[in-house]
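Values below: every heavy atom of this structure, side chains too, minus hydrogens, waters and symmetry copies. Letters A, B, ... are given to chains in the order of the sequence lines, protein chains preceding strands, and every chain is numbered from 1.
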Protein chains: 2
Amino acid sequence: MTSDTLTIREMCDLFEVTPRTLRFYEAKELLFPQRDGQKRLFTRRDRARLKLILRGKRFGFSLEEIRQLLDLYYVGDQQATQLGRTLDIARDRLSDMQRQRDELDHAIDDLKSQMALVEDMLAKRDRGRDAAE
Amino acid sequence: MTSDTLTIREMCDLFEVTPRTLRFYEAKELLFPQRDGQKRLFTRRDRARLKLILRGKRFGFSLEEIRQLLDLYYVGDQQATQLGRTLDIARDRLSDMQRQRDELDHAIDDLKSQMALVEDMLAKRDRGRDAAE
DNA sequence: AGAGAAGATGACGTTTACGTAAAGAAGACG
DNA sequence: CGTCTTCTTTACGTAAACGTCATCTTCTCT
């Protein structure tokens with residue numbers, strides 16, 4: 001059994017991030033790699049957290065918002081009050097995401113129809129040019 | 001007929017942004033308010049654009065990405081090559097948005113089930129506490 | 001005329017999320 | 001033993017998107 005930890009480089013390759021990013025996330029307390037001497041070793045838990053971090057970023061959440069949410073996914077040594085607060089935060093983020101999805105659906109439709117309109121314009125312009133030849 | 005233009009303050013109130021933001025967007029060539037002397041007057045077109053800008057921001061697009069897209073919605077004095085490029089950009093953004101929506105659906109489900117799990121944990125813990133009394 | 005109020009133009013400051021360069025430690029290898 | 005790599009820490013730099021003065025016009029109103 002390979003102990004299941006990754007070096008910083010392996011971690012970077014796996015997630016397509018830079019070492020700086022991983023150290024930065026550790027400094028911000030989003031990741032907690034173990035140490036072998038002074039070298040970092042990233043555990044399965046770190047990988048799970050990083051995955052959630054990158055996902056959160058794609059939805060436009062700040063690292064701080066993400067950090068608050070991460071505790072929801074690693075429930076173990078939490079106080080109940082802490083968990084309660086985390087749940088509240090999660091509820092907020094959830095409704096953020098649901099609103100965002102609705103708006104996104106809307107925006108996608110808008111963009112599609114606007115594109116169709118422009119494509120039509122271009123097509124007509126081309127036909128006009130052909131007819132003029 | 002009130003000529004249908006808004007002062008910077010009216011515009012700010014309408015969209016909940018600051019004057020600085022509107023001037024910044026103008027500097028970045030996202031808005032093109034008319035001038036009355038040195039005062040800015042925001043037109044219907046500026047309002048439409050600002051709406052799209054703020055929407056784009058909520059989806060995590062940069063102002064530069066948004067600027068490139070805006071031309072799609074204000075087709076008038078465009079060259080055909082320009083429009084073609086804008087359409088390409090639009091196609092990219094569209095697939096961005098579609099991917100984002102799918103991922104968002106996924107993330108929403110994940111978050112929901114994780115919340116349910118934690119809520120369960122808390123409920124069980126409470127029942128356990130009651131039983132112990 | 002004087003005093004606000006609203007808007008304009010610099011210009012420097014701030015936060016977030018890293019990039020990048022310098023300098024040292026530590027194991028691998030010919 | 002010397003020298004690569006790989007990794008570390010420390011620290012200054014940077015781009016984006018505004019915030020925040022300070023100073024200056026321009027109306028407007030009493």
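In this structure, the side chains of A/L54 and A/V17 come closer than 4.5 Å at one or more pairs of heavy atoms. At least one side-chain heavy atom of B/I66 sits under 4.5 Å from a side-chain heavy atom of B/L70. A/L22 has its side chain within reach of A/L50: a pair of non-hydrogen atoms, C-beta onward, lies under 4.5 Å apart.
Phosphate contact (OP1/OP2 of C/dG19, side-chain N/O of A/T18, threshold under 4.0 Å): present. For B/Y25 and D/dC18, the shortest distance from a side-chain N or O to OP1 or OP2 is below 4.0 Å. For B/T21, a side-chain nitrogen or oxygen approaches OP1 or OP2 of D/dG19 to under 4.0 Å. Contact between the side-chain N/O atoms of B/T7 and the OP1/OP2 oxygens of C/dA6 is not found at any separation under 4.0 Å.
Note on A/R23: a base of the nucleic acid sits closer than 4.0 angstrom, heavy atoms only. Heavy atoms of B/R40 sit under 4.0 angstrom from primed sugar atoms or phosphate atoms, though from no base atom. Within 4.0 Å (heavy atoms only), B/R20 reaches at least one base atom of the nucleic acid.
A straight line from CZ of A/F24 to C1' of D/dA11 spans 14 Å, rounded to a whole angstrom. Distance CZ (A/F42) to P (D/dC7): 10 Å, rounded to an integer number of Å. Atom pair B/D36:CG and D/dT25:P shows a separation of 18 Å (rounding to whole Å applied). Rounded to an integer number of Å, the gap from CG of A/L22 to P of C/dA17 is 15 Å. Atom CD1 of A/I53 and atom P of C/dT16 are 16 Å apart (whole Å). To the nearest angstrom, P of C/dT16 lies 15 Å from CD of A/E29. Remark: P of D/dC7 and CG of A/L6 are 11 Å apart, rounded to the nearest angstrom. Rounded to whole Å, atom P of D/dC18 lies 15 Å from atom CD of B/E16.
Looking at the side chain of A/K39, the nearest of the listed nucleotides D/dC7, C/dG7, C/dC18 is D/dC7. Nearest to the side chain of A/R35, among D/dA17, C/dA17, D/dT8, sits D/dT8. For A/Q38, taking side-chain heavy atoms from C-beta onward, the closest of the listed nucleotides C/dG7, D/dT8, D/dA17 is D/dT8.
Ranked by how close their nearest DNA chain C nucleotide is to the 5' end, B/L41 and A/K28 are led by B/L41.
Cation-pi check for A/R47 over A/F15 is not met; the charged atom does not lie both under 6.0 angstrom from the ring centroid and within 45 degrees of its normal.
Of the candidates A/K51, A/R55, A/R93, A/R55 is the only one forming a salt bridge (Lys or Arg N to Asp or Glu O under 4.0 Å) with B/D110.
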